[in-house]
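Working notes, beginning with the structure itself.
The chain is numbered in sequence order, starting from 1.
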Amino acid sequence: MVTEIADRRKNTDPLQNLGIGPAEAEILTAGRSAVRTHDLDVLRCYALRP
């Protein structure tokens, strides 16, 4: 899964509130047997195993 990381855009950017924060990331990864992430500027790639 690829998603935007919250708060990585400038404060003047109208899309600044897009993305998931730490609380949403915790929900996304909870209960997974393995999680790998890789940051790509404003994006984060999640490799999730059930």
Side-chain angles (χ1 to χ4, degrees):
M1 178 183 153
V2 177
T3 185
E4 192 160 325
I5 304 169
D7 300 327
R8 287 281 177 107
R9 292 178 180 258
K10 295 179 182 179
N11 289 338
T12 57
D13 192 327
L15 301 176
Q16 198 265 340
N17 292 325
L18 287 179
I20 64 172
E24 293 91 358
E26 181 68 29
I27 293 168
L28 175 67
T29 59
R32 303 291 180 162
S33 64
V35 176
R36 287 189 174 185
T37 63
H38 186 75
D39 288 356
L40 306 164
D41 193 26
V42 299
L43 300 176
R44 180 169 287 154
C45 178
Y46 289 87
L48 306 169
R49 182 169 277 189

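At least one side-chain heavy atom of Leu28 sits less than 4.5 Å from a side-chain heavy atom of Tyr46.
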Scan the side chains in residues 13-23 for donor-acceptor partners under 3.5 Å anywhere in the protein, sequence neighbours excluded, and list what turns up.
| unit_1 | atom_1 | unit_2 | atom_2 | d |
| --- | --- | --- | --- | --- |
| Asp13 | OD1 | Leu15 | N | 2.9 |
| Asp13 | OD2 | Arg9 | NH1 | 2.9 |
| Gln16 | NE2 | Asp7 | OD1 | 3.3 |

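Residues passing the side chain to side chain contact (heavy atoms under 4.5 Å, CB included) test with Leu40, sequence neighbours excluded: His38, Leu43. Every residue two or more places apart in sequence or in another chain was checked for a side chain to side chain donor-acceptor pair (under 3.5 Å) with Arg32, and none qualifies.
At distances below 3.5 Å, at least one donor-acceptor pair connects side-chain atoms of Ser33 with backbone N or O atoms of Pro50.
Within the structure, salt bridge (charged side-chain N to carboxylate O under 4.0 Å, His left out) contacts touching residues 40-50 (residues at least two apart or in different chains) are Asp39-Arg44. Applying the salt bridge (charged side-chain N to carboxylate O under 4.0 Å, His left out) test to residues at least two apart or on different chains, none of the pairs has a partner in residues 16-27.
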